[in-house]
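Positions are given from 1 along the sequence. Just so you know, ligand 1 is whichever comes first in the structure, and atom 1 is the first atom listed for that ligand. Just so you know, these numbers come straight off a predicted model, no measurement behind them.
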Amino acid sequence: MRTQVGIIGSGPSGLLLAQLLHLQGIDSVILERRSRDYVLGRIRAGVLEQGTVELLRAAGVSDRMDREGLVHGGFDICFGDRRMRVDLKELTGKAVTVYGQTEVTKDLMDARAAAGGAVVYEAENVRIEGLDEDRPALTWVKDGAAERLECDFVAGCDGFRGVSRQSLPDAVLKTHERVYPFGWLGILSETKPVSDELIYVNHWRGFALCSMRSPTLSRYYIQCAFDEDLEEWTDDRFWDELRVRLPSAAAEAIEMGPSIEKSIAPLRSFVAEPMRHRRLFLAGDAAHIVPPTGAKGLNLAASDIHYLSRALTAYYNQGGREDLIDSYSDDCLRRVWKAERFSWWMTTMLHKFPDQSSFDRGIQLAELDYLFDSEAARAALAENYVGLPF
Ligand code: RFL
Ligand code: PHB
């Protein structure tokens, strides 16, 4: 088998790349370790920056998002008995769209099927060969049979635990990491969201977040220990702990119901450099992780794919032009590091740290107080939340 671009991973990064390349007449094959249902069963991101929304429109996969996505012009931050609205529209002229990653993935899978594009699900033991000779090939095992795909380029869109990043030589790969001493316990419930907009809470018992997927589907998170046992969190215990952390008006108004999904996510900041080695590109979570507090993970994946599709399109459709391939890693990383900074800052400001000293707590409260009092501080937050340009 042969194709132009071999893509590892059918998360949002891999599927969006395949779709943008298809629109430019460039062939690709996607290899995915899991089944289609497994990929669609993962509950992840919920907030899309305006740039991501525009990229999905350019990819021709926005019909349902434009109909069903909820446009949010602001969100609330609470601490102590204070509650403040960050008015994104007024501060930046932009908004964010609440539309789940599950829905984005489904829309992209439907577009891939309509284009007749190849996706190999349950591809086991995917390996990258021939990078040093600039003749890359992907090998894998499917239903017990060994398979091989020759390609011009490989796009490593296989998430944090994928094989692509590990394929960079040790002498080339440099990584930067911070692991936070807590996680997020999240539930999805078929109840009306407690508020029309998101509520972020810094409470002395720990962070809480009220989010949603639709007018009838709520997504709530509370900060928990990183080694928490999910089994010990009954729905009742979750609702009790969430309500303790919310401002009283929200705690009284919240509609509770059985959880239809419950999971714990660890919090991590991670950057791998460079994001290209010869004919292998890394994109999305394969190259970087942010803690979810700033809602940046999926949006960074989208901006990487913007740069990657632009570079490959220039190569194929402008006579082998290579300058955008050469600048891909630097172009991505400039934006990645800014999103890493913002996500780290939001996480630090809003969570309870187990080893927090009284000085650290004082700084945290001053940071929040400054945000409440200063429009300039809120404007900087809002500019990052709606997404820096790409
Ligand atoms: P994905 O989605 O992890 O997809 C990678 C795909 O590669 C496959 N794979 C392999 N395939 C073949 N061979 C191998 N060896 C393979 N290894 C892995 C995997 O099965 C998978 O299908 O990465 P991608 O496409 O880069 O997308 C990144 C996003 O998924 C991620 O950044 C976001 O979900 C992060 N995130 C959020 N981002 C936001 O922008 N806004 C949010 O509100 C937000 N909330 C969140 C989040 C992530 C969370 N969790 C659970 C990590 C909330 C949570 C709780
Ligand atoms: C979500 O709805 O899953 C969500 C929203 C905002 C965040 C993180 C996650 O900052």
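At a heavy-atom distance under 4.0 Å, only backbone atoms of Arg44 (N, CA, C or O) approach ligand 2. Heavy atoms of Phe160 found under 4.0 angstrom from ligand 1: none, in either backbone or side chain. The parts of Ala295 lying near ligand 2 are both backbone and side chain, judged by heavy-atom distances below 4.0 Å. In Trp184, the part holding a heavy atom less than 4.0 Å from any atom of ligand 2 is the side chain. Only backbone heavy atoms of Cys157 (N, CA, C or O) come within less than 4.0 Å of ligand 1; its side chain stays farther off. Looking at Val126 against ligand 1, only its side chain comes within 4.0 Å, counting heavy atoms. Only the side chain of Arg42 comes within 4.0 Å of ligand 1, judged by heavy-atom distances. Only the backbone of Leu31 comes within 4.0 Å of ligand 1, judged by heavy-atom distances.
Contact between Asp304 and Tyr328 at its shortest, heavy atoms only, is O-CE1, 3.6 Å. Annotation for Phe353 and Thr347: closest pair CE1-O, 3.9 Å, computed over non-hydrogen atoms. The shortest non-hydrogen separation linking Ser303 to Phe390 is CB-CD2, 3.6 Å. Of all the heavy atoms in Leu31 and Trp140, the pair that sits closest is CD1-CE3, 3.5 Å.
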Counting only pairs under 3.5 Å, give me each side-chain donor-acceptor contact of residues 370-382, with atom names and distances, residues two or more places apart or in other chains.
unit_1 : atom_1 : unit_2 : atom_2 : d
Ser374 : OG     : Ala376 : N      : 3.3
Ser374 : OG     : Ala377 : N      : 3.0
Arg378 : NH1    : Leu371 : O      : 2.9
Arg378 : NH1    : Phe372 : O      : 3.0

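For ligand 1 and Gly46, the ligand atoms under 4.0 Å from any heavy atom of the residue are 42 (C), 43 (O). Of all atoms in ligand 2, numbered sequentially from 1 with element shown, those under 4.0 Å from a heavy atom of Thr293 are 10 (O). Close approach of ligand 2 to Val47 (heavy-atom distance below 4.0 Å) involves ligand atoms 5 (C), 6 (C). Within ligand 2, counting atoms from 1 as listed, the ones closer than 4.0 Å to a heavy atom of Tyr200 are 6 (C), 7 (C), 10 (O). With ligand atoms numbered from 1 in the order given, ligand 1 contributes 20 (O) to contacts under 4.0 Å with heavy atoms of Arg34. Applying the 4.0 Å criterion to heavy atoms of Pro292 picks out, from ligand 2, the atoms 7 (C), 8 (C), 10 (O). Ligand-side atoms of ligand 2 in range of Leu198: 5 (C), 6 (C), range being under 4.0 angstrom from any heavy atom.
For atom 2 (O) of ligand 1, the closest heavy atom belonging to the protein is Arg44 NH1, 3.1 Å. What sits closest to atom 20 (O) of ligand 1 on the protein, heavy atoms only, is Glu32 OE2, 2.6 Å. Nearest non-hydrogen protein atom to atom 9 (C) of ligand 2 is Tyr221 CE1, 3.8 Å.
Taking only non-hydrogen atoms, the option from Ala265, Ser13, Ser35, Gly9 nearest to atom 50 (N) of ligand 1 is Ala265. Residue nearest to atom 44 (C) of ligand 1, selected from Ala45, Gly162, Gly100: Ala45 (by heavy-atom distance).
Side-chain contact check for Asp152 and Tyr315: no donor-acceptor pair (N or O, by modelled atom type) lies under 3.5 Å. If you check the side chains of Thr175 and Glu177, you find no donor sitting under 3.5 Å from an acceptor.
Judged by the shortest distance from any of its heavy atoms, Met346 lies outside the 4.0 Å radius around the atoms of ligand 2. Remark: distances from the non-hydrogen atoms of Phe75 to ligand 2 are all 4.0 Å or more. Contact analysis puts Leu209 in contact with ligand 2, with a non-hydrogen atom separation below 4.0 angstrom.
Rounding to the nearest 0.5 Å places CG of Leu17 at 5.0 Å from CG of Leu308.
Residue contacts with ligand 1: Asn299 is placed with a nitrogen or oxygen under 3.5 Å of a nitrogen or oxygen of the ligand (distance criterion only). At under 3.5 Å, not a single nitrogen or oxygen of Ala123, backbone or side chain, sits near a nitrogen or oxygen of ligand 1. The N/O atoms of Ser211, backbone and side chain alike, include one that comes under 3.5 Å of an N/O atom in ligand 2. In terms of polar-atom proximity, Tyr385 is not counted as a contact of ligand 2, lacking any N or O under 3.5 Å from an N or O of the ligand.
Asp227 pairs by the side chain to side chain donor-acceptor pair (under 3.5 Å) definition with nothing, not counting sequence neighbours.
With ring centers used as reference points, Tyr180 lies 6.0 Å or more from His351.
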Query - Full working for side chain to side chain donor-acceptor pair (under 3.5 Å) between Tyr221 and Arg219 - result: CA-CA 7 Å; Tyr221 296 99; Arg219 181 74 164 154; 3.0 Å; yes
Report task. Would you sort out whether Asp66 and Ser62 count as a side chain to side chain donor-acceptor pair (under 3.5 Å), showing the intermediate values? Result -> CA-CA 6 Å; Asp66 284 329; Ser62 62; 3.2 Å; yes
